[in-house]
Engineer: 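The structure follows.
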There are 4 protein chains.
Amino acid sequence: MAGSVNKVVLVGNLGKDPDVRTSQSGAKIVSFSLATSDTWNDRASGEKRERTEWHRVVIFNERLADVAERFLRKGRKVYLEGSLQTRKWTDQGGQERYTTEVVIAAYRGELVLLDNKDAGDAPRQQQSRGQNNQQSGGWDSPQGNPDLDDDIPF
Amino acid sequence: MAGSVNKVVLVGNLGKDPDVRTSQSGAKIVSFSLATSDTWNDRASGEKRERTEWHRVVIFNERLADVAERFLRKGRKVYLEGSLQTRKWTDQGGQERYTTEVVIAAYRGELVLLDNKDAGDAPRQQQSRGQNNQQSGGWDSPQGNPDLDDDIPF
Amino acid sequence: MAGSVNKVVLVGNLGKDPDVRTSQSGAKIVSFSLATSDTWNDRASGEKRERTEWHRVVIFNERLADVAERFLRKGRKVYLEGSLQTRKWTDQGGQERYTTEVVIAAYRGELVLLDNKDAGDAPRQQQSRGQNNQQSGGWDSPQGNPDLDDDIPF
Amino acid sequence: MAGSVNKVVLVGNLGKDPDVRTSQSGAKIVSFSLATSDTWNDRASGEKRERTEWHRVVIFNERLADVAERFLRKGRKVYLEGSLQTRKWTDQGGQERYTTEVVIAAYRGELVLLDNKDAGDAPRQQQSRGQNNQQSGGWDSPQGNPDLDDDIPF
DNA sequence: TTTT
DNA sequence: TTTT
């Protein structure tokens, strides 16, 4: 089908440092969880309510994956453009599951660092993956970091 | 957290007529599936590939829910703006599941009909609410609410 | 300054056939005027009012310039993404003027045909460049380039 | 014309403190210049080039005009959504001129502060209009502030 | 389930 | 100049 648009624009904060992996074809893939927060007035109670939304972001765009790996860290604020993609997978019980991700495809999308006062000053220290990577502290994820939990969609 | 943006822009075609239901508070809620299609060149084979993506759209905005009910139908093309929301639910096996939807919240978002040559000519026939609304046949969701089904992402 | 975003999203109709010209470096540049319409309720009178807005669109992206040249015509509806750019020029009286355009730069932006029922059926007849291209008549810009005219914003 | 979209998304920095005025009907109108910066590689020379773009932003949305008046200052970074509007005016020589603005209309648009570490800490001191208002210093406008110049589109 |  |  021609004639369609699938675009997501997010401004939010990373829940933790990005995860970097390499595809079978050797391409770098960077992913992370991004928190946004919606605020609204509850119709019934009239109270101000807030809801944190976690988005799974996956970057295939080579240039932007590089930028993400070098400059994004837990707590950083970022503007990004990607598209929605729902992926099917099978859980440990053999059940089919679906996860919706915001994908920045090759040669597409956008990634803009928004609090880059010291972006160049503190590049990621090389670390062995698998270690906890919490040196950037400082920012508390609104309601725990879903990446560390079980039973979550990503 | 202040300072965030959660925005989705879609242009696509409805997979079937919208589903209209009423919330406990009496508000009309309109939902439908929207297809978009991504086309890209496969890195390996060099071939043109296409992937259809299905989005679950839910409209709480009263004015836009009215427009959707009156003018959207299976196959129609629409531009919309909403935000991403992931909802937790429990399937029939007692398993927790997650569904990501594009939500057009009250007083927010956008909905623009794009092939409205005859939009005013063939409005949906008025029906008593509560009746099943299956005149366009096709895919038969048991309670008229696909969210209750197993084995589908939405 | 890093950390900025300059994005325009338009859905509208072309006022006339696109103008195609070639840059000094040989690149094809396609431009056209696009109409959008805003509707709102006048605060004072309570009446529904409508205002048509004309946007000057200029495409440098090679792939999209090709698509535009081949498929866009007067009256066609299109979705596009570009960025805002204000250009300074000097009118015939020697006065400095400014024109704001929606630019789709090389390797950037988006162009999606929205009423392409017959897009493939009636491609623009190939013409030798340099000839006037006025088969769709209407508004006759002297050099085929409205940017050179007085008394119009673009 | 139904079926159109006219949307601008900007992330940029204010060139100076916003200007606040009151319409004849008593509504508050807030306006300011916002700088964005485009970076690209020059085709010919292969060099990295940068161009600062100044956007004239006008806010009619009451709630967002309040937010802008209270929290926006010279140098602050902001995300906003508005629409393009070209306004005709007559210069001192009696010539017709056109200015394109990014308008946030009543009940529409978006305004999100992006560096609000201390947004609540340093609200604008009430000042007599007409005074220079440069207490927020610190950020140099990329190439001088066009609002202070003659011969510019806004 | 859409559309081209 | 478009479109509804």
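Everything numeric in this text was worked out from a predicted model, so none of it was measured. For the numbers below, each heavy atom of this structure counts, side chains included, while hydrogens, waters and symmetry mates do not.
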Engineer: What is the separation between atom CG on C:Leu10 and atom P on F:dT3, rounded to the nearest whole Å?
Structural biologist: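 That distance rounds to 17 Å.
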Engineer: CG of A:Asn6 versus P of E:dT3: gap in Å, rounded?
Structural biologist: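 That distance rounds to 18 Å.
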Engineer: Expressed as a whole number of angstroms, how long is the span from C:Tyr79:OH to E:dT3:P?
Structural biologist: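 That distance rounds to 21 Å.
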Engineer: Whole Å only: how far is the CZ atom of B:Arg73 from the C1' atom of E:dT2?
Structural biologist: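 Going from CZ in B:Arg73 over to C1' in E:dT2 covers 15 Å.
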Engineer: Can you list the residues that meet the salt bridge (Lys or Arg N to Asp or Glu O under 4.0 Å) rule with B:Arg51, with sequence neighbours excluded?
Structural biologist: B:Glu53
Engineer: Go through the structure and list residues passing salt bridge (Lys or Arg N to Asp or Glu O under 4.0 Å) with B:Lys48, not counting sequence neighbours.
Structural biologist: none
Engineer: Distance check needed: E:dT4 C1' versus C:Leu114 CG, whole Å only.
Structural biologist: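 My rounded result for the distance is 13 Å.
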Engineer: Rounded to whole angstroms, how far apart are CG on B:Asp17 and P on E:dT1?
Structural biologist: 14 Å
Engineer: Measure distances between side-chain N and O atoms of C:Thr52 and base N and O atoms of F:dT2, and say whether any donor-acceptor pair falls under 3.5 Å.
Structural biologist: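 Yes.
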Engineer: Measure NZ/B:Lys77 against C1'/E:dT4 and give the value in whole Å, please.
Structural biologist: 8 Å
Engineer: Between F:dT4 atom C1' and C:Asn13 atom CG, what is the distance in whole Å?
Structural biologist: 9 Å
Engineer: From the list F:dT1, E:dT1, E:dT2, which nucleotide is the closest neighbour of the side chain of C:Lys74?
Structural biologist: F:dT1
Engineer: Can you name the closest pair of heavy atoms from B:Tyr107 and B:Asn61 and give their distance?
Structural biologist: N-ND2, 3.7 Å
Engineer: Within the stacking criterion (centroid distance below 5.5 Å, interplanar angle below 30°), does B:Trp54 stack on E:dT1?
Structural biologist: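 Stacked: centres under 5.5 Å apart, planes under 30°.
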Engineer: Between the side-chain atoms of B:Ser37 and the base atoms of E:dT2, is any donor-acceptor pair under 3.5 Å?
Structural biologist: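 Answer is no: no donor-acceptor pair is held.
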Engineer: Going by atom types alone, do B:Ser37 and B:Glu50 pair a side-chain donor with an acceptor below 3.5 Å?
Structural biologist: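 Note: B:Ser37 and B:Glu50 side chains meet the donor-acceptor criterion.
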